[in-house]
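Naming: A, B, ... by sequence-line order, numbering from 1 per chain. From a predicted model like this one, the values you see are computed outputs, not experimental measurements. The figures that follow rest on heavy atoms only: side chains count, while hydrogens, waters and symmetry mates do not.
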Amino acid sequence: MPKTDLPKAYEAKGLEDAIYKQWEESGFFNPDNLPGERSESFTIAMPPPNVTGILHLGHAFENSLMDTEIRYQRMKGKKALLVPGTDHAAVATQARVESELKKQGLVNPRQELGREGLLEKIRDFADNHKSIIISQIKKMGTSCDWSRLAYTFDDARSKAVNEIFRRMFNDELIYRGYRVINWSVKGQSTCSDDELEYIDQKTTVYTFKYSHDFPIAIATTRPETKLGDTAVAVNPDDERYKGYIGQKFTVDVGAQKPLIITVIADAGVDINYGTGAVGVTPAHSAIDFEMYQKNKDIGIIPVIGKDGRMTEDAGQDYQGLTVLEAREKFVAWLKANSLYISEEEITHNVGTSDRFGDVVEALPMEQWFIDVNKKIPGREKSLKDLMREAVTVGHQANPEKIIEITPDRFKTIYLHWIDNLRDWCISRQVWWGHRIPVWYCDDCGSISYGDTKQEKCEKCNSQNLRQDEDTLDTWFSSGAWTFSTLGWPEETADLKKYHPTTWMQMGYEILFFWMARMILMTTYVRNDIPFRQVYIHGMLRAKDGQKFSKSLGNGLDPIEIINKYGTDALRLSLLKGTTAGNDMRFYEEKVEGARNFINKVWNISRFILQSIEDIKIIDVEPEAKTLADKWILNNLRSVTALTNQAMDKAEFSYTSEKLYEFTWNDFADWYLEIAKIEGGKDEILLYVLQNLLKLWHPFIPFVTEEIWKNFDSGKLLMIENYPESISDHDTNANKKENEMVVDFELIKEIISTIRNLRAENKIEPVKLVKVVMMTKSKEALINEQVAIIKKLARVEDLQIIENNQKPENSISAIAGEVQIFLLLTGLVDVSAEKIRLEKEVSETEQYIEMLSKKLANTEFVQNAPPKVVDLEKEKLAKAHEKMIKLKQQVVDLK
RNA sequence: GCACGCCUAGCUCAGUUGGUUAGAGCACCUCAUUUACACUGAGGGGGUCAGGGGUUCGAAUCCCUUGGCGUGCACCA
C-alpha cells in the first residue's frame, strides 16, 4: 500500500529520541549481539568528556566523526564497538567546584570543608554532569555500547591505575625527586609542562650588579629572585669572563645571609645576548636548576614559598612580601646603592596554569615523576624510545604495529615534542583524583606501594604508616583508557577481541596530553599499540574565526541546535566541508543548509512511497528499461564505489559531498522528474532509494532509519549491509567510456539549453514552445527521448531536420553536436542575439586556440600519455564542429 | 629563533597520485505561486587559485622565494 500519511516536512524533534531508544533496545550497540558472522572487530574508545561541564559543539563534532565511522564499520559487517565514558578531570573539576563554592561565599573551601567534605561536593558535581553528558551523547545519536560505560575514576579504572603505578614503581620508572616544578599559587598544586598556557606579557628587564666589586653585570626580569642567586654562568669561551670561572664572590644584597656567588661555565650561555652572563637562581628556574644539578656545590636558596610570598631566606626586609612587592623593593634598593645600571621594556611570554589561570611560579619541591629516559628493566628501551617507535618503525619494530596518523604532518610534531620531553611530573596537590598508592613509614622511613590501607610497615612492622597526600595527574588514568575500558588488568575476552583499538579521533590540542600518554602507557603495560589509526581533527571556530569561548560569550549549545534543526542536520553540517587537521568555522546557516537537504531526502522518499503500490525491499539491481534507468543505476554504482573508497580513508567531507550531489542533482532533480513522465519504475525507485538510505545512514542516522521503517523489512537500517562497490574499475574512466551515459548527458544538455534559451528570451515558464533540431547522428536518440525533452523543456512540437536551413524567426543554440532552434511567436531581438552569439564565438575561439597550441606542441604529443592526447584531439574536433555551427548562426542572424 | 599549516567566487570551504574551459553551499540577479519538497523548481552573473620565480609537454596541485594570517615548540639572562 502506498503511504499517504507522511508529513510534508521532516520534523526531527519528537522522532529522534524514540529512534535512539529503539536502537538502544535492539542491543546492537553491543557488538556481541550483532547478527551474522563477524570475524573482524573495529573498536573506538570514545575520548571521554570531562565532567567539568556539559558538552559543547566540539563534542558534537567529535561524536559525529566517531559515530559516522562506527556506523559505517558496523554496516560493513565488523564487530563494531564504541566504548563510551567520561573523565573525572582531576584538577579541572576541583578548580571548577572550588570556584563555584567561592562564589557561594566560602573563602577557602579546602580548609572549610576538609578533604572528605570537599570531595563529596565534587562527587555530586561530577555525578550530575556525568548524567547530563550521557543524555547529550544519546541526543547526538552516538551508537556506543552503554553496557561498557566507563569512567576514569570508577573502581575498575582505579584498579588499572594502581596496577600501572605499581609496575612503574617497581621498575623505578616512577620516582620521587626534588625538582623545580611549575606551581600554581592559586590552585596550590603542581602543573605539568604541558598544562601551561603561554601568554605574552610586557615586562621590564633590569641590568644591575650584585655589588660594586662584582665584575660582571647581569640582567633579569625577576629581580626578587636574585635574593636566591648562587652563581653566575658565563660561556666558557667568553674572553671577557674566562678568568673569573671558578671564583667565588660574597655579596650582600639584603637577603637573610650574604650570597656566595660562584662564576660557573655553561656552554648554553649566549656570549652575544645581553651582558653575556646569566644570574643563576637554582630554586626558581628550571634551567638554572639543571645547572645546579651539574654544580651542586653552588647551593640552592628558595626565596619564594608555596603561598607566592617571599620566604625567611629572602631576608627580613622581604619576608612575607608578594613577589611584586619584593621586586619593587629590590629595584629601589639597587638604585639606592648605585648597583642599578639600566632597564628596558620587553614583551616575553609567561606560563600560566591552564586550569587556575594564574602565572605559575617555578619552585623546588619533592614530587613524583615518570622517568622517560631510563631504560625499562628487561627491555633495553626507554619510554621515549617506545613512544617514538610506535609511530615510526612500529612497536618492537613490527611493521604491523605502526600507528598511522592522519594527516601525517602531526607525526613530525609529535616526534619533535618527544625530543623535548622532560620527565613527567605526575603528582598533584588537589584531592580530586587517584590518590598516589604509596605509603611512608614514619619510623624507618621506607616508602612502599600499597593500593589499599596498609596496616604495618613491611620493613619494621611499625604501624605509623601514612599514605601520600597527593593525587595523580588526570592524564595518568586517561593514558590507560583504551585498555582500562576493556577490563585490564584482567586478561578479559574483551581485551583479546577489541584491543588494540582500531581508530581514534582527537583534536590536535590534546595530541601531547593524550595521544602521547596513551602510547606511553600502552606500549609499556600491554607491550602493544593502543590504536592503529588516529584521525586528528581541527577546532571549531565561530564565523569570524574566533575560538568559541565562555569569556567571549560566542558559544553555541549543540542541544539547542539539535532542537531547532535536528541531530542529522547538525551532524551533516559538521562533517561536510571539513578536512582532517584543519579548523572549521561553524555557523547556523550551515546547519540550515543541511536541514534543507535532510528535508529533501524526506521528500524524495515521500514521493516514492506515496506513488508506489507495492512497497518492498529490492535487493537485486532491477532491469533498466530506458536510457534514464541505465543512467541512474550506473551513477548509483559509481557513487557507491566512491563512497566505499572514501569512507575507507575516513574522507567524510568528500563522501558526503558526492552523496549529496547524487541525491539532489541526479536522483531528485532529474530522475524523479523523468520517472513521473516514463512511469513503471517502482522497483528502480525503491532500489535506488534503499541504497541511498544505506549509504547515508552513517552520516544522518535518524532520518534514514525513520524512512526505512516504511519498508517493513523487519530489520533496523543500522544493521543492514552497506552497499558494496560492484565493479572495481576506475569509476570515472568507466563513466567516460560509457556511451549510454554520454547519451543521457546529451539529453540533459539539450533540455538545459532549451531552458536557457527560454529564460534568456523571457518566455513564460508555463508556455509551450516549438523547437527544431538539426543533427547528424543523434536523430534516433532524440526521437527515443522525445517525451522527456518535451515535458522537461516545455516543448509542444519538436521536429528534426537534416539540412542547414535555419527556420524562420528563431533563436538558436548548440548542445553537443545538436543545433537547437527555438521558434518565436514574436520578433527576434536581433541585437541581443548577436551579442550572445558573438560572446560564445569568442569563447570558443579562445578554446580552440588553446587546444590547437597544445596539440601543435610536439613535446606534448610525444610525452603526454596517449589517452590524454586523444582526449585533447577529441575536444578540438568538437570545438571546431561547434564553431562551424556558431558561425552559421551568426550568418543566419542577418 | 625553529617548525608546521593556511591564503581558491562577496562569504565559508572542497579540489584524491600534476592531465575536461577550476567546483560546491550560502549570498546575489531574473523567472515560476502550490508542485514529493518554498526547508522548492528553472535560468544566470561572479575566480590572472596571495605575489614572484622554477621544474614539467602540462601546475591551484611539486620545488624555491616574498608577503599576510594562524598554530606548535624553544628561548625568555
For [N], which nucleotide in any strand shown is its Watson-Crick or wobble partner with both distances under 3.5 Å?
| N | answer |
| --- | --- |
| B:U34 | none |
| B:A50 | B:U66 |
| B:U21 | none |

Under 3.5 Å, is there any donor-acceptor pair linking the side chain of [X] to the base of [N]?
| X | N | value |
| --- | --- | --- |
| A:Glu673 | B:A36 | yes |
| A:Lys8 | B:C37 | no |
| A:Asp583 | B:C6 | no |

Task: Residue met sooner reading RNA chain B from 5', once A:Tyr587 and A:Ala219 are mapped to nucleotides - done: A:Tyr587

TODO: Map A:Trp670 and A:Lys226 onto RNA chain B by nearest heavy atom, then report which one ends up closer to the 5' terminus.
DONE: A:Trp670

Within the structure shown, what part of the strands sits under 4.0 Å from [X] by heavy-atom distance: base, sugar-phosphate, or nothing?
| X | result |
| --- | --- |
| A:Ala668 | base |
| A:Thr579 | sugar-phosphate |
| A:Asn756 | sugar-phosphate |
| A:Ala277 | base |
| A:Glu661 | nothing |

Out of [options], whichever nucleotide has its closest atom nearest the side chain of [X]:
| X | options | answer |
| --- | --- | --- |
| A:Arg409 | B:G25, B:G5, B:G41 | B:G5 |
| A:Lys600 | B:U40, B:A77, B:C57 | B:U40 |
| A:Lys676 | B:U16, B:G43, B:A36 | B:A36 |
| A:Asn599 | B:G19, B:G70, B:C37 | B:C37 |
| A:Lys854 | B:G43, B:C73, B:U21 | B:U21 |

Task: Sorted by number, the residues of residues 589-598 of chain A with heavy-atom contact under 4.0 Å to RNA chain B - done: A:Lys590, A:Arg595, A:Asn596

Are [X] and [Y] packed together at the side-chain level, in the sense that at least one heavy-atom pair is separated by less than 4.5 angstrom?
| X | Y | answer |
| --- | --- | --- |
| A:Leu6 | A:Trp602 | yes |
| A:Tyr241 | A:Val263 | no |
| A:Leu421 | A:Met387 | yes |
| A:Val280 | A:Thr262 | no |
| A:Tyr244 | A:Val232 | no |

Open item on the list: Strictly below 4.0 Å: does A:Lys767 bring a side-chain N or O up to OP1 or OP2 of B:C31?
Closed with: no

Task: Check: A:Tyr660 ring centre within less than 6.0 Å of A:Phe699 ring centre - done: no

Open item on the list: Below 30° counts as parallel, above 60° as perpendicular, anything between as tilted: where do the rings of A:Phe208 and A:Phe330 land?
Closed with: perpendicular

- [ ] Give a yes-or-no answer on whether the side chains of A:Tyr508 and A:Asp583 include a donor-acceptor pair shorter than 3.5 Å.
- [x] yes

